[in-house]
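Computed from heavy atoms alone, side chains included, the values below leave out hydrogens, waters and symmetry copies.
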Amino acid sequence: MIDAKTIAIVKSTIPAVVETGPALTAHFYQRMFNHNPELKEIFNMSNQRNGDQREALFNAICAWASHLETPEALTNAVEKIAQKHTSFSIQPAQYDIVGYHLLATLKEMLNPGQDVLDAWGKAYQALAGIFIRREAEIYQSNQNQDGGWQGTRPFRLVAKTRESETITGFRFAAADGGPVMPYQPGQYTAVWIKPVGFENQEIRQYSLTHQPDGQHYSIAVKRDNKGLVSRWLHDCAEPGDIIHLAPPAGDFYLDVTPKTPVSLISAGTGQTPLLAMLGSLARHEHQAQVNWFHAAENGLRHAFADHVNNTGGQLRHFTQQVWYSKPGPADITGTGSIKAGHMDLTPYISSLNDSQMTWWLCGPVGFMQFIARQLVDNGVNAERIRYECFGPHKVL
């Protein structure tokens with residue numbers, strides 16, 4: 001428990017921290033990577049260059065400082081970050097490194113005095129302790145499961161399938177031939193690679209797209225011309241290659257009763273965690289309504305269309321609507337199952353706005369903000385909307 005004096009000192013300095021903005025975390029990361037370059041093997045350096053990770057850390061620092069008296073208010077945020085940390089195999093000693101550079105950054109940028117630095121040090125240690133304890137629980141749980149492990153495990157790429165013009169599916173089996181632990185529909189695994197020519201080890205999280213079978217993990221990756229890992233997977237990875245994976249992780253997963261209506265809403269590769277959710281609903285013969293709303297650029301870039309049709313066809317109550325923002329000449333048919341333009345849920349919400357409906361969103365942040373506004377403006381309870389960001393978390 002943090003004492004009242006420490007809380008008062010930290011809170012009194014929040015305005016000064018807020019005034020620095022993400023410049024504080026930019027200084028922090030630059031300092032840490034200069035003194036501890038080995039951490040470049042863990043952090044996604046692309047998120048450093050585009051500023052996403054700096055913004056996420058800054059928001060986390062401000063949120064923690066503002067809730068020192070009510071840490072339970074951050075339970076969901078802590079769980080999301082702890083899950084992500086375990087996919088990076090973060091260890092307690094690394095919290096010491098981060099804490100050292102965070103305090104050094106506060107001193108160099110704000111020079112607030114030793115009492116303030118000591119107070120922030122206590123606050124940071126309390127937060128680090130929460131993460132360390134939760135992550136230890138996750139590591140132990142993974143280790144104890146049938147087919148489970150801690151850290152990374154070598155997997156063999158057994159299939160590589162082109163799902164659309166830009167999206168390729170990858171199927172892995174454990175290199176030792178043993179079983180692999182199950183996962184919740186919507187969770188992800190982390191791919192760890194350092195091929196010849198890579199400056200640093202690279203770690204990326206990809207949603208698991210299919211149902212657990214105890215033997216395989218499947219992911220789908222969109223080729224990004226600026227993406228180091230996605231380009232390597234598309235252009236270089238071949239069946240037979242050994243790639244290391246972390247245990248499944250993530251707090252965005254389907255947890256509904258058989259009678260709960262579900263709407264799955266996605267754009268582009270945002271459908272990947274929702275594919276596993278749809279498969280789980282079909283596998284368990286979900287009794288309530290299931291809706292699939294998806295946005296893609298056109299038919300050439302619309303992945304898993306047949307898979308969704310086949311899986312949805314196994315459900316008692318299933319509806320589907322797809323939107324193409326830039327349809328090709330043959331994309332729009334007279335059936336109405338595909339519409340031109342951007343996703344507009346307004347015509348559907350009055351008939352779908354069951355008070356028990358749960359809404360699951362995944363896609364680019366701008367898309368999810370656009371959809372969340374449509375839902376809330378039409379009376380959907382925001383507490384029934386769940387979403388996942390690919391990369392550092394952002395509030396919709």
Could you check whether H101 and N36, counting side-chain N and O atoms only, form a donor-acceptor pair closer than 3.5 Å?
yes
ring-ring contact (aromatic ring centres under 6.0 Å, His included) contacts in which one or both residues fall within residues 171-193, not counting sequence neighbours:
Y183-Y217
Do you know which of Y253, F293, F252 makes ring-ring contact (aromatic ring centres under 6.0 Å, His included) with W360?
F252
What about M357 and V256, same hydrophobic cluster or not, with Ile/Leu/Val/Met/Phe/Trp/Tyr joined at side-chain heavy-atom distances under 4.5 Å?
no
Answer yes or no: is there a donor N or O on one side and an acceptor on the other, between the side chain of N298 and the main chain of G328, under 3.5 Å?
no
Which of these passes side-chain hydrogen bond (donor to acceptor under 3.5 Å, both in side chains) with H85: Q94, E135, K80?
E135
Around H67, counting heavy atoms of other residues, nucleotides and ligands shown, do more than 12 lie under 6.0 Å from its NE2?
yes
With Q374 as reference, evaluate L345, V380, I265 under the side chain to side chain contact (heavy atoms under 4.5 Å, CB included) test and give the passing residue.
L345
Answer yes or no: are there more than 12 heavy-atom neighbours, outside Y100 itself, under 6.0 Å from its atom OH?
no
Hey, can you tell me if Y124 and Y95 have their rings parallel, tilted or perpendicular (30° and 60° cut-offs)?
tilted
Cut-off 3.5 Å, side chains only: do R301 and S164 have a donor facing an acceptor?
no
Min side-chain heavy-atom separation L24-T105 under 4.5 Å:
yes
Set of side chain to side chain donor-acceptor pair (under 3.5 Å) partners for H234, sequence neighbours left out
T168
Please work out whether the ring planes of F155 and W149 are parallel, tilted or perpendicular, with thresholds of 30° and 60°.
tilted
Side-chain donor-acceptor pair present, T260, T257, cut-off under 3.5 Å
yes
Is there a donor-acceptor pair closer than 3.5 Å between any side-chain N or O of K107 and the backbone N or O of L117?
no
Would you call R134 and E79 a salt bridge, taking side-chain N to carboxylate O under 4.0 Å as the test?
yes
Kindly check if the number of other-residue, nucleotide or ligand heavy atoms within 6.0 Å of CD (E199) is above 12?
no
Show the atom names and distances, to 0.1 Å, of all donor-acceptor pairs under 3.5 Å that link a side chain in residues 303-312 to residues at least two apart or in another chain.
unit_1, atom_1, unit_2, atom_2, d
N309, OD1, Q320, NE2, 2.9
N309, ND2, A305, O, 3.2
N310, ND2, D306, O, 3.2
T311, OG1, H307, O, 2.8

For a salt bridge (Lys or Arg N to Asp or Glu O under 4.0 Å) check, start with the C-alpha distance between D241 and K160, then their side-chain angles and the critical distance, and finish with the verdict.
CA-CA 11 Å; D241 288 350; K160 180 178 180 180; over 6 Å; no
Q30, CD: over 12 other non-hydrogen atoms inside 6.0 angstrom:
no
